[in-house]
Amino acid sequence: MLDIQLLRNDLDGAAKSLAARGFELDAAAFQALEQERKTVQTRTQELQAKRNATSKQIGQAKAKGEDVSAIMAEVANLGDELKAGESKLEEIQAKLQELLLQIPNLPHATTPAGKSEADNVEVRRVGTPRSFDFLVKDHVDVGEGLGQLDFATATKITGSRFSLMKGPLARLHRALAQFMLDVHTQEHGYTEVYVPYLVNADSMRGTGQLPKFEADLFSVQKSETEKLYLIPTAEVPVTNMVRDEIVPLENLPLKFTAHTPCFRSEAGSYGRDTRGMIRQHQFDKVELVQIVHPEKSYEALEELTGQAETILKKLELPYRVMALCSGDIGFSSAKTYDLEVWLPAQNAYREISSCSNFEAFQARRMQARYRNEKGKPELVHTINGSGLAVGRTLVAILENYQREDGGVDIPAVLQPYMGGHKVIPAIAAS
RNA sequence: GGAGAGGUGGCAGAGUGGUCGAAUGUACCUGACUCGAAAUCAGGCGUAGGUUUACUCCUACCGUGGGUUCGAAUCCCACCCUCUCCGCCA
């Protein structure tokens with residue numbers, strides 16, 4: 001959520017900045033609402049002041065045993081207008097709030113201008129794609145060839161866009177998550193957290209998924225009046241740890257990492273990546289979240305992005321870092337780097353991590369604050385990134401480490417997590 | 001799931017329907033005392049919004065939402081949460 005003061009003080013500037021990300025701000029509607037708010041609020045508060053003063057008089061007069069019927073009569077007809085004013089004001093405030101919740105974050109000055117994915121800027125490229133002297137298979141053929149990746153059964157159990165793994169492949173998936181958590185906790189100073197996978201609407205609103213993106217979420221009915229949502233990313237429960245909190249200055253930055261399943265309905269994405277486990281309704285991810293001092297957030301974004309990259313480096317997977325352009329960054333983000341891993345079967349780099357600085361956008365929605373140097377509460381900045389998406393990392397390993405015989409080599413750093421094995425052997429030909 | 005108790009400022013904790021945004025303690029800030037610190041003394045110290053060039057003034061907030069009333073932290077209703085005991089359970 002943007003600071004309403006910003007819109008009051010520099011509406012044109014905000015509109016211009018939002019236009020860069022393809023959002024058209026209805027400035028006239030905002031101004032009209034603001035104007036009305038001012039009038040109604042001033043009038044209502046005047047009436048409230050009058051009522052309070054008169055009521056106080058009645059109390060004082062009664063204490064002295066005086067007759068109060070004259071003053072009572074004076075205030076009697078105040079009630080209706082006051083009530084009308086109060087409900088009108090409430091209505092306007094709700095409309096303003098709703099409008100505000102629909103507005104995305106302003107792109108940071110260093111976010112490249114652009115309209116779509118095509119305008120994203122490559123920042124760096126690390127590692128060299130391996131050259132194969134045999135015909136490369138994609139991860140589906142590799143996994144099914146091993147007899148350890150089974151979409152048909154997953155579809156029977158649940159439906160499309162779910163996957164089922166068996167044996168060494170399932171273990172490799174687990175190994176990846178363990179490995180990532182170990183690196184982030186032991187080398188990068190993150191505290192591992194275990195969090196709920198079902199969250200309430202306040203949490204979803206806090207990080208920006210609601211009210212605008214309800215269609216992308218799975219939900220369950222908790223009671224007749226309350227819904228719970230399946231998390232689309234650990235960002236939601238982890239960042240909301242500080243919702244309505246005031247963090248002591250000396251505790252910043254807070255650095256949390258969590259391994260969770262993620263559930264995404266992605267109603268709009270049907271037809272894309274239908275083959276394989278690139279785009280699933282359920283996938284695992286190790287998430288990195290930092291709660292930081294506002295002056296340190298861009299520094300922290302670079303740090304966090306580097307920490308996600310460390311995983312790819314240790315796994316010896318080639319990748320590149322993209323600075324997303326203003327038209328491609330997410331709703332809540334001011335700046336985003338995507339990490340894209342090399343997938344030989346697609347002959348392309350594909351997103352495997354997204355690292356964003358939300359500045360105070362989420363913090364304002366969450367009322368997540370810290371006590372500043374002067375002791376005043378001030379909004380924190382929130383940063384997060386995937387470190388990494390486990391399913392897609394598994395895809396990258398299957399494709400980049402595949403062998404001509406159908407087996408898959410296990411990256412050196414994962415071998416300790418795989419009982420010392422160096423390879424997932426191909427099924428013996430029968 | 002059943003029974004009971006309770007939700008008030010950073011924390012602890014008072015609060016007969018009227019001068020209560022709220023006593024008191026504690027923490028914190030400033031000043032005095034001190035070579036310095038501790039102790040002591042004095043003052044300050046919630047959040048959000050509106051108004052004013054400014055000083056100021058005003059409004060809202062005592063778990064949440066409704067209601068009663070000229071007036072609600074206080075009374076009524078519903079809901080949420082926490083704690084204790086019982087039941088069930090990985």
Side-chain angles (χ1 to χ4, degrees), chain A residues 1-9 30-101 194 196-206 210 220-229 237 240-252 254 291 360-361 363-380:
Chain A
M1 189 161 70
L2 297 181
D3 186 356
I4 194 164
Q5 299 294 357
L6 179 84
L7 297 180
R8 285 177 185 149
N9 298 333
F30 175 79
Q31 272 178 321
L33 264 178
E34 259 297 283
Q35 193 53 51
E36 198 182 2
R37 192 212 93 238
K38 246 184 208 177
T39 316
V40 175
Q41 181 163 355
T42 310
R43 176 67 187 146
T44 304
Q45 292 192 346
E46 270 170 20
L47 291 172
Q48 284 172 329
K50 186 170 180 194
R51 179 204 60 198
N52 289 348
T54 315
S55 292
K56 200 169 267 186
Q57 276 178 29
I58 294 173
Q60 285 167 342
K62 268 196 172 171
K64 290 182 203 154
E66 293 168 7
D67 177 42
V68 293
S69 55
I71 327 177
M72 294 273 274
E74 193 182 318
V75 83
N77 43 16
L78 226 127
D80 286 346
E81 191 184 352
L82 186 57
K83 212 162 245 179
E86 278 173 349
S87 60
K88 182 73 186 166
L89 183 61
E90 205 172 306
E91 190 187 309
I92 295 167
Q93 302 272 33
K95 272 190 196 163
L96 268 173
Q97 181 72 6
E98 197 185 326
L99 193 109
L100 222 50
L101 283 173
Y194 172 84
Y197 303 155
L198 290 168
V199 301
N200 57 34
D202 284 341
S203 293
M204 284 295 186
R205 208 171 296 114
L210 289 180
V220 294
Q221 206 72 33
K222 185 193 179 195
S223 66
E224 279 183 28
T225 52
E226 202 183 350
K227 253 186 192 177
L228 291 179
Y229 296 85
N240 272 280
M241 284 167 67
V242 294
R243 171 154 56 85
D244 295 321
E245 297 287 332
I246 298 175
V247 182
L249 180 64
E250 63 270 22
N251 289 7
L252 295 180
L254 296 172
I291 311 295
F361 190 85
R364 187 170 296 107
R365 289 173 165 232
M366 290 192 298
Q367 283 303 299
R369 296 175 292 180
Y370 73 104
R371 216 167 269 288
N372 72 13
E373 293 74 0
K374 289 177 185 162
K376 286 288 169 197
E378 201 175 319
L379 297 171
V380 295

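Reminder, nothing fancy here: chain letters follow the sequence lines and each chain counts from 1. For clarity, every value in this text was computed on a predicted model and none was experimentally measured.
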Under a 3.5 Å limit for both distances, which nucleotide forms a Watson-Crick or G-U wobble pair with B:A73, could you say?
none

Could you give the distance separating B:U16 and B:C75 at their P atoms, to the nearest angstrom?
9 Å

Applying a 3.5 Å limit to both distances, which nucleotide forms a Watson-Crick or G-U wobble pair with B:G17?
none

From B:G49, B:G10, B:C81, nucleotide with atom closest to A:R371 side chain
B:G10

Using a strict 4.0 Å threshold on nitrogen-to-oxygen distance, state whether A:E378 and A:R371 make a salt bridge.
no

Please give, in whole Å, the distance from B:A48 P to A:Q48 CD?
19 Å

Note: A:E34-A:R8 ion pair, threshold 4.0 Å (strictly below):
yes

Whole angstroms only, please: what is the CG-P distance between A:N251 and B:G10?
17 Å

Counting only Watson-Crick or G-U wobble pairs whose two distances fall under 3.5 Å, which nucleotide matches B:C61?
B:G46

Taking only the P atom of each, what is the distance from B:G46 to B:U24 in whole angstrom?
14 Å

Nearest heavy-atom pair of A:A363 and A:V380: which atoms, and what distance?
CB-O, 3.1 Å

pair_partner(B:A27), Watson-Crick or wobble, both distances < 3.5 Å, evaluates to none

If you check every side-chain atom of A:Q60, which of B:U19, B:G49, B:U59 has the closest atom?
B:U19

So, OP1 or OP2 of B:A60: does either fall under 4.0 Å of a side-chain N or O from A:R51?
yes

Under a 3.5 Å cut-off for both contacts, is B:U56 paired Watson-Crick or G-U wobble with anything, and if yes, with which nucleotide?
none

Calculate the interatomic distance between A:K83 atom NZ and B:U69 atom P; express it in whole Å.
8 Å

Just the rounded figure in Å: distance from P of B:U47 to CZ of A:R364.
17 Å

When both distances are under 3.5 Å in a Watson-Crick or G-U wobble arrangement, the nucleotide paired with B:U84 is B:A3

Here's a test for you: under side chain to side chain contact (heavy atoms under 4.5 Å, CB included), which of A:L2, A:D3, A:L7 qualifies with A:Q5?
A:D3

Considering only side-chain heavy atoms of A:E90, which listed nucleotide, B:G18, B:G66, B:C58, is closest?
B:G66

Span that lies between the C1' atom of B:U8 and that of B:G13, in whole angstrom
9 Å

When rounded to whole Å, the CG to P distance for the pair A:L249 and B:A27 reads 21 Å

Rounded P spacing from B:A5 to B:C89 in Å
28 Å

Check the distance between B:G49's C1' and A:E46's CD and give it to me in whole angstrom.
15 Å

Can you figure out which of B:A48, B:C81, B:U51 approaches the side chain of A:R369 most closely?
B:A48

Could you check whether A:K50 gets within reach of a base, just the sugar-phosphate, or nothing at all, counting any heavy atom under 4.0 Å?
nothing

Span that lies between the P atom of B:U59 and that of B:A73, in whole angstrom
13 Å

At less than 4.0 Å, is any side-chain N or O atom of A:N52 found next to OP1 or OP2 of B:U59? Yes or no.
yes

What contact category does A:Q93 fall into here, base, sugar-phosphate, or nothing, at under 4.0 angstrom with non-hydrogen atoms?
nothing

Given the P atoms of B:U40 and B:A27, what is the spacing between them in whole Å?
9 Å

Are the charged groups of A:E98 and A:K95 less than 4.0 angstrom apart, N to O?
no

Using atom P in both nucleotides, what's the gap between B:U26 and B:A38 to the nearest angstrom?
16 Å

Check this one for me: any side-chain N or O of A:R8 less than 4.0 Å away from OP1 or OP2 of B:G50?
yes

In whole angstrom, give the distance that lies between atom CD1 of A:I246 and atom P of B:G9.
12 Å

For A:P377, answer base if it contacts any base atom (sugar-phosphate contacts may also be present), sugar-phosphate if it contacts only those atoms, and nothing otherwise; contact means non-hydrogen atoms under 4.0 Å.
sugar-phosphate

When we call it a touch if two heavy atoms are under 4.0 Å apart, what does A:R43 touch: a base, just sugar-phosphate, or nothing?
nothing

Could you tell me whether the phosphate oxygens of B:A48, OP1 or OP2, come under 4.0 Å of any side-chain nitrogen or oxygen in A:Q97?
no

Testing the 3.5 Å rule here: is there a donor-acceptor pair between the side chains of A:S203 and A:N200?
yes

Suppose you measure atom C1' in B:G9 against the same atom in B:C57; what distance do you get, rounded to whole Å?
24 Å

Does B:U40 have a Watson-Crick or wobble mate here (both distances under 3.5 Å), and if so which one?
B:A32

I need the A:L96 CG to A:E91 CD distance, nearest 0.5 Å.
11.5 Å

Go through the side-chain N and O atoms of A:E86 and A:Q48 and say whether any donor and acceptor fall under 3.5 Å apart.
yes

Nearest-nucleotide check on RNA chain B, A:E226 vs A:G59; residue mapping nearer the 5' end is A:G59

On a plain distance test, is the side chain of A:Q45 in donor-acceptor contact with the base of B:G49 below 3.5 Å?
yes

So if I take every side-chain heavy atom of A:I58 and compare against B:U59, B:G18, B:C81, which nucleotide ends up nearest?
B:G18

Whole-Å gap separating P (B:G50) and CD (A:E86):
18 Å

